[in-house]
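Have a look at the structure below before the remarks.
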Amino acid sequence: MPSSFFGLHVAATGLNAAQASINTTANNIANVNTEGYSRQEVGRVAAAAQRCFTSYGSIGTGVEVTKVTQVRDLYYDEKYWNNNTKLGLFEKKLYYMHQIEDYYTDNSQISGFTTLYTKMFNGLQSVNKNAGDTSVRNEFISQAQELMDYFNSTATQMQDLQSSINDEIKTSVDTINSASQKIALLNKQINIIEMEGGMANELRDERARILDELSRLVPIEAKEMEVTNSNFADQKTGVTRFEVKLNGNLLVDNYEYNTISVVTRDKKANQSDIKGLYDVKWDNSGAIIDFSNRLMEGELKAMFDVRDGNDAENLKGQVSLAESNELTIILPTITEIDKMNMPNEGTILVNNTYYTYSNFEATTDADGNITSYKFILEKALTAEEQSSLVGRNIVVGKTVDFKGIPYYMNQMNEFLRAFTREFNKIEQTGQDGYGNQLDQFSFFVSYDRVTGEEKKGLFDIKSATFDSQADTYYRMTCDNCRVNKASQADPNIFATTKYEEDASGVQVAKGESANDLIDDLQTLQDKVKLFRGGSGSSFLQCIYADITVDTQECSVFTESYTNVKNVISQQRMSVSGVDEDDEAMDLIKFQNAYQLAAKCISTLTAMYDQLILNTGV
C-alpha cells in the first residue's frame, strides 16, 4: 500500500512536468525568429500504476516526462531539398545568362556588333566615293579593326567569365567537403547525447540547416536508420545511422565522409576553352563526376552547363579505320570548316574509353565539305583495341546540351570565318594601290597571341587534306582576329579595284582612285548569306534570340520553383515553426497546470499538518 505521503509525490510529478513544459515553451518563444529552429515539445506519459492490495487494485503514480523532441517532418524536408536543387540550377543559370546577355548589348550608350558592323560598311561607302583619299582609306581600316576589336573583347569577356565560373566550381567543391565534414561530426555528437537517453534537438536542427544549404549545390538524399542490438533485433540502442548521398553515391556515411576535389583537365574540350578548366572527382575512387548527366541538378551543374555548354554540337562520327596511333572517322556531324569547334589537341570517347590526340587531319571533297577526320593519338593502340574500335561511334570533347560559353564562342567563330573568308576572297581578286596582285594576301587575318605572328594567307581547302596547324579558316577565331598589320601601316595596300590583264597578258593600270571592287565588298553587308541562312546584319539578332530563349526559360523555371519553395517552406513551418499565439496559449495552459499541481501540494501539506500536529496518533 502507498505511504501516507504518496500524494505529495504524485503532485510533485505534475509540478515537474508543468515546469518542463513551461521551460520548453520559453525556449520556443526565445527562438521564434531563429533560422532553422524546429519547435520543441515535451513528451509526457502516465507513470506506471502502483499495485496496492485494496479493492481498487492499483493507484496512479503521476506523470513522467519522457523526452523533449523537435517537431519535424522528413517528408517536407525531402520535398524542400529536391525543389531547392532545381531552384539552384535555374537561378544560377539565370544569373550567368544575364551576364552573357550584357556582353552583346548594342544601344546608344554601348556600341555593339550591329553598330560597328554598320559603321564599317558606311566607311566602305566613303571609300567608294573617294578611293584615292588616304585618310578615307585609313578611317575605313580603323573601323574594320574596331569590328575585330569587338570580337576580341567579347571573346576576352567570355573567357574571363569561364575562368570566374571555374574558380566558383572549386569554391563550391570546398563548401561541399566542409558541409560533409560538419554533418559527420554532428552525427557523432548527436549519437553521444541520444545513446544516453537525451535528445540532441539543436544539433539536429543544425544538421538539417546544413542539408538545406547543401541541397542548393547538388542533388542529395538523406536517410536515418535506427541501430538495434545485434543480439536482439527489436531492442533499440538509441543510436542512429545517418547517410547522405550525392547522385546515388555516399557522401556521408554516419561518422565518415567521402571528399571530392577538382582536377585540372589535361586537354581542352572545345576550341575556345581556356586552359586549366576543372573536372570534379571522388577522392576515394578517382572517378570523375559527370555533371553533364541529365539527372544532375543544383548550382554546381549550372556552373558546368554555362562553362562547358556547346549545345551538343561537338564533333561525332563513326570509326572507319583504326591503326597503331591513328583513328579515322567517317559520317562526321561537322562538315564545314566554319563550324569546326574541336581543339587541335584534345580527347575522344569511343567504346567507353577516353583517348587523347595531339593533332588531327580533315579531308574535303570538291565542294570543300569535310568527309572524314583522322586523329593522331598520343598513345599507340593495341591490336585488340584496333579491331574493337572499328565501327564504333566516337565523340570528340564533351557533349553538354546547353547553350553556354563555348556555344556562343563557336557561333561568333562561325560568323567571323564566313565573313572574313568572303571579304578576303573578294580582296584577293584585286590589286593594291601600287598595282600589286593580292591573290595570296588576306585583309583579315588570324595571329598568334603570344608571338604576334600573322597567318596572312588563309585558304579554303577543296579536294584536299589539311591538319589542324594548316593556314585555314579553322585557325580564325574571335580571340585572334584582326586587320593585317601591313594594311594598318599602309592604307594603299587595301585593294579597291580588281586585278585585270589585257589580251596580251599585261596588267591593266587603273590608278589608285579606281573603286570597282568596293561594290562587291558592299554586298557582304546584307545581300550575301553568311550566318544561319541570313546576312551578316542578322548575326546579332540570331545570337540575341538564343540568349533570350534560354534566359526566358531560366526565368520562368526560377519563378516557378521559387513559388514551390515558398509553399513547401510554409508547409514545413506549419509543422516545425514556432507560432507565437500557440505558444502564448501553451504558457497559460502549463501555468494553470503548474498552479494546480502546487495547489495539490499545498492542500496535502495542510492535510499532513492536521494529521501530524493535531491528530493524536
Side-chain angles (χ1 to χ4, degrees), residues 148 151 155 268-273 310-318 327-346 348 357-376 394-397 406-429 439-448 454-482 484 524 528-536 539 542-543:
M148 295 299 102
F151 282 103
K268 295 180 180 181
N270 303 282
Q271 184 185 17
S272 59
D273 285 348
N310 53 23
D311 199 31
E313 292 182 354
N314 55 315
L315 176 63
K316 307 172 188 69
Q318 186 181 92
L327 282 179
T328 301
I329 70 169
I330 57 174
L331 306 176
T333 55
I334 298 177
T335 59
E336 301 174 34
I337 294 179
D338 291 352
K339 296 183 178 182
M340 289 171 62
N341 56 23
M342 70 290 293
N344 59 334
E345 297 180 353
I348 54 179
Y357 65 89
S358 57
N359 194 4
F360 69 82
E361 296 177 353
T363 300
T364 62
D365 60 19
D367 296 323
N369 295 319
I370 300 171
T371 57
S372 65
Y373 291 89
K374 180 188 290 185
F375 289 91
I376 313 303
I394 187 171
V395 177
V396 181
Y407 171 80
Y408 291 105
M409 293 281 279
N410 293 338
Q411 293 295 296
M412 288 194 294
N413 290 343
E414 181 182 344
F415 167 80
L416 183 66
R417 289 164 179 167
F419 171 72
T420 57
R421 182 186 65 248
E422 293 304 316
F423 196 101
N424 288 342
K425 189 185 294 184
I426 295 172
E427 272 288 284
Q428 287 164 357
T429 65
D439 59 336
Q440 301 294 317
F441 189 73
S442 297
F443 180 74
F444 292 109
V445 298
S446 67
Y447 69 98
D448 190 307
E454 293 182 347
K455 300 296 181 182
K456 296 184 179 180
L458 296 169
F459 300 107
D460 273 337
I461 305 296
K462 296 181 178 180
S463 299
T465 297
F466 65 94
D467 67 12
S468 63
Q469 304 300 321
D471 196 4
T472 66
Y473 280 91
Y474 163 75
R475 301 294 299 276
M476 173 75 79
T477 62
C478 52
D479 65 336
N480 69 3
C481 59
R482 72 182 180 199
N484 68 72
L524 297 179
V528 177
K529 293 182 179 181
L530 296 174
F531 184 70
R532 297 190 189 175
S535 66
F539 166 73
C542 294
I543 294 295

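Numbers for residues simply follow the sequence, beginning at 1.
- One finds the CD1 atom of I337 at 4.0 Å from the CZ atom of F466 (value rounded to the nearest 0.5 Å).
- A salt bridge links R482 with E454: the closest approach of a Lys/Arg side-chain nitrogen to an acidic carboxylate oxygen falls below 4.0 angstrom.
- In the model, N270 has no side-chain atom that pairs as donor or acceptor with a side-chain atom of K268 under 3.5 Å.
- A donor-acceptor pair under 3.5 Å links the side-chain atoms of T364 to the main chain of S463, judged by distance alone.
- Residues L458 and V445 share a closest heavy-atom pair of CD1-CA, 4.2 Å.
- From Y473, atom OH reaches atom CD1 of I461 across 10.5 Å, with rounding to the nearest 0.5 Å.
- Between C478 and C481, the shortest heavy-atom contact is O-SG, 3.9 Å.
- Checked against the 6.0 Å centroid criterion, the rings of F444 and F419 qualify as a close aromatic pair.
- Between P332 and T371, the closest heavy-atom pair is CD-O, 3.5 Å.
- Expressed to the nearest 0.5 Å, how far CG of N424 lies from OG1 of T429 amounts to 11.0 Å.
- Inspection of the N359 and S468 side chains reveals an N or O donor paired with an N or O acceptor under 3.5 Å.
- F539 places none of its side-chain heavy atoms less than 4.5 Å from the side chain of L530.
- Between the side chain of N410 and the backbone N or O of P406, at least one donor-acceptor pair lies under 3.5 Å.
- With no hydrogens or angles considered, no side-chain donor-acceptor pair links E427 and S442 at under 3.5 Å.
- Atom NZ of K425 has more than 12 neighbouring heavy atoms from other residues, nucleotides or ligands inside a 6.0 Å radius.
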side-chain contact (heavy atoms from CB on, under 4.5 Å) evaluation trace for F443 with N484: CA-CA 6 Å; F443 180 74; N484 68 72; 4.3 Å; yes
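- Here the CD1 atom belonging to I394 is positioned 11.5 Å from the OH atom belonging to Y373, to the nearest 0.5 angstrom.
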Evaluation steps, side-chain contact (heavy atoms from CB on, under 4.5 Å), between R421 and D338: CA-CA 9 Å; R421 182 186 65 248; D338 291 352; 2.7 Å; yes
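- The backbone N or O of S372 sits nowhere less than 3.5 Å from a side-chain atom of K374 that would complete a donor-acceptor pair.
- Rounded to the nearest 0.5 angstrom, K339 NZ and I370 CD1 are separated by 11.5 Å.
- Aromatic ring orientation, F531 versus F415: perpendicular (interplanar angle above 60°, classes split at 30° and 60°).
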side-chain contact (heavy atoms from CB on, under 4.5 Å) assessment of N310 paired with N341: CA-CA 9 Å; N310 53 23; N341 56 23; 5.5 Å; no
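- Checking side-chain atoms of D365 against main-chain N and O of D367 turns up a donor-acceptor pair under 3.5 Å.
- Nearest heavy-atom pair across V396 and M342 is CG1-CB, 3.9 Å.
- Taking every heavy atom of both residues into account, R475 and A470 meet most closely at CG-O, 3.2 Å.
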L315 vs I329, side-chain contact (heavy atoms from CB on, under 4.5 Å): CA-CA, chis, key distance, verdict: CA-CA 10 Å; L315 176 63; I329 70 169; 4.1 Å; yes
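- Taken to the nearest 0.5 Å, the CG atom of L416 stands 5.5 Å off from the CE atom of M476.
- For the pair I376 and D467, the minimum side-chain heavy-atom distance is 4.5 Å or more.
- A tilted orientation is assigned to the rings of F360 and F375, their planes being inclined by 30° to 60°.
- Taking both residues in full, the closest heavy atoms of R532 and Q411 are given as NH2-OE1, 2.7 Å, listed atom of the first, atom of the second, then distance.
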